[in-house]
Amino acid sequence: MSKQTILVVDDEQDLLDLIEYNLRQEGFNVLKAENGKDGIQMAKENMPDLVLLDIMMPQMDGIEVCDRMREDSTLTHIPIIFLTARSDEKTEIEGLNKGADDFITKPISTSKLISRIKAVLRRFEETEEKVQKLKVHDLEIDKDRYIVTRGEEEFQLPRKEFELLYYLASKKGKVRDRQTLLNKVWGDNIYVVDRTVDVHVRKIREKLGDHYIETVKGVGYRFKE
């Protein structure tokens with residue numbers, strides 16, 4: 001089995017070196033970038049298995065890096081974990097709403113950090129092993145390419161929007177409450193507020209129309225039969 005590659009983007013050189021050493025000890029390949037702009041370029045050139053991303057960096061902050069990666073069809077599938085000294089709830093919600101897979105506050109022990117990285121990679125691999133293509137109503141939802149098609153139209157949704165749509169479509173006609181959706185799409189070891197789901201549903205509706213996902217008042221959402 002080939003080694004998995006982690007791209008670490010952080011402007012603290014000492015921290016970069018420490019994380020690199022510990023990840024290599026665990027058998028990972030490691031790439032490093034000291035600012036957001038270089039991080040995006042390195043991601044495009046190397047297609048890492050996961051990006052570990054700081055927020056407060058020169059040239060381009062981590063939130064913008066995440067946003068750009070989720071809007072780029074070649075990068076949107078790559079898992080992203082924020083590792084940052086910013087611990088306020090507003091920043092965490094913003095990061096997760098942009099499509100991050102986890103949000104970790106510094107300082108954290110290297111053993112816990114590696115455990116969280118492995119958990120995200122494991123969840124991503126399990127998702128990839130499931131059925132890759134769904135046909136519901138006039139939509140074809142292709143998880144292999146992270147693309148939604150409707151006739152001649154093609155939609156490239158950011159990763160979390162895509163995964164939320166895919167999950168709801170796979171349970172067509174069944175109501176799912178917000179907590180279930182959070183657990184299935186973001187993972188049950190990550191704290192995300194309910195409105196994160198609402199934001200992503202709104203964005204999906206803006207792109208595909210509001211006639212696919214139905215709001216069940218006081219409960220959650222379902223993909224219409």
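Treat the numbers as computed from the prediction; the structure is a model and nothing was measured. Heavy atoms only: backbone and side chains are in, while hydrogens, waters and symmetry mates are out.
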Salt bridge (charged side-chain N to carboxylate O under 4.0 Å, His left out) partners for Glu153, two or more places apart =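 Glu153 satisfies salt bridge (charged side-chain N to carboxylate O under 4.0 Å, His left out) with Arg150 only.
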inquiry  = What I want to find out is whether Arg159 reaches Asp72 closely enough, with some N-O distance under 4.0 Å, to be called a salt bridge.
reply    =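 No.
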key: Cationic N near anionic O, under 4.0 Å, Glu161 to Arg205   =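 No.
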Any side-chain heavy-atom pair of [X] and [Y] under 4.5 Å:
X	Y	result
Phe82	Ile55	yes
Leu168	Tyr212	no
Phe155	Thr149	no
Ile19	Leu83	yes
Leu7	Leu50	no
Pro48	Ile6	no
Thr84	Thr105	no
Tyr21	Leu16	no

Side-chain donor/acceptor of [X] to backbone N/O of [Y], under 3.5 Å:
X	Y	value
Asp101	Ile80	yes
Asp10	Glu12	yes
Arg116	Ile104	no
Lys160	Val185	yes
Thr76	Arg70	yes

query = Is there a side-chain contact (heavy atoms from CB on, under 4.5 Å) between Thr5 and Asn46 once you walk through the steps?
reply = CA-CA 9 Å; Thr5 298; Asn46 297 276; 5.7 Å; no
query = How close do Glu94 and Ile63 get, heavy atom to heavy atom, and via which atoms?
reply =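 Smallest interatomic distance, heavy atoms only, reads OE2-CG2, 3.6 Å.
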query = Going by the side chain to side chain donor-acceptor pair (under 3.5 Å) test, which pairs reach into residues 25-34, not counting sequence neighbours?
reply =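 Those involving residues 25-34 are Asp17-Lys32, Glu20-Lys32, Glu26-Lys118.
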request  = Not counting sequence neighbours, list each pair that qualifies as a side chain to side chain donor-acceptor pair (under 3.5 Å) and has a residue in residues 49-67.
outcome  =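 The answer is Glu64-Arg68.
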inquiry  = Given Val201, which partner from the list Val199, Val197, Asp198 fulfils the side chain to side chain contact (heavy atoms under 4.5 Å, CB included) test?
reply    =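 In the set Val199, Val197, Asp198, the residue that makes a side chain to side chain contact (heavy atoms under 4.5 Å, CB included) with Val201 is Val197.
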task = Applying side-chain contact (heavy atoms from CB on, under 4.5 Å), run through Leu139 and Leu208 and close with a yes or a no.
result = CA-CA 9 Å; Leu139 297 179; Leu208 300 179; 4.3 Å; yes
request  = Give the intermediate values and the outcome of side-chain contact (heavy atoms from CB on, under 4.5 Å) for residues Ile141 and Val136.
outcome  = CA-CA 8 Å; Ile141 308 171; Val136 283; 3.9 Å; yes
request  = Evaluate the side chain to side chain donor-acceptor pair (under 3.5 Å) criterion for residues Asp177 and Thr180: first the C-alpha distance (whole Å), next the side-chain angles of each, then the deciding distance (0.1 Å), finally the verdict.
outcome  = CA-CA 5 Å; Asp177 61 55; Thr180 297; 3.0 Å; yes
task = Can you label the angle between the His200 ring and the Trp186 ring as parallel, tilted or perpendicular, going by 30° and 60°?
result =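 Perpendicular.
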request  = Evaluate the side-chain contact (heavy atoms from CB on, under 4.5 Å) criterion for residues Ile78 and Met69: first the C-alpha distance (whole Å), next the side-chain angles of each, then the deciding distance (0.1 Å), finally the verdict.
outcome  = CA-CA 8 Å; Ile78 299 174; Met69 286 183 64; 4.2 Å; yes
query = Under the side chain to side chain donor-acceptor pair (under 3.5 Å) test, which residues partner Glu206, sequence neighbours left out?
reply =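 Checked Glu206 against side chain to side chain donor-acceptor pair (under 3.5 Å); matches are Arg202.
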message = Can you pull out every salt bridge (Lys or Arg N to Asp or Glu O under 4.0 Å) where at least one residue sits in residues 216-225? Sequence neighbours excluded, please.
response =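 Listed by first then second residue: Glu214-Arg222.
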inquiry  = Using ring centroids (six-membered ring only for Trp), state whether His137 and Phe223 fall under 6.0 Å.
reply    =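 Centroid distance Phe223-His137: below 6.0 Å, so yes.
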message = Check this for me: Lys37, atom NZ, are more than 12 non-hydrogen atoms of other residues, nucleotides or ligands nearer than 6.0 Å?
response =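 Counting neighbours around NZ of Lys37, 12 or fewer heavy atoms of other residues, nucleotides or ligands fall under 6.0 Å, so no.
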message = Starting from Val219 and following side-chain heavy-atom contacts under 4.5 Å between hydrophobic residues (I, L, V, M, F, W, Y), which residues can be reached?
response =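 Noted: Val219 shares its cluster with Val175, Val216.
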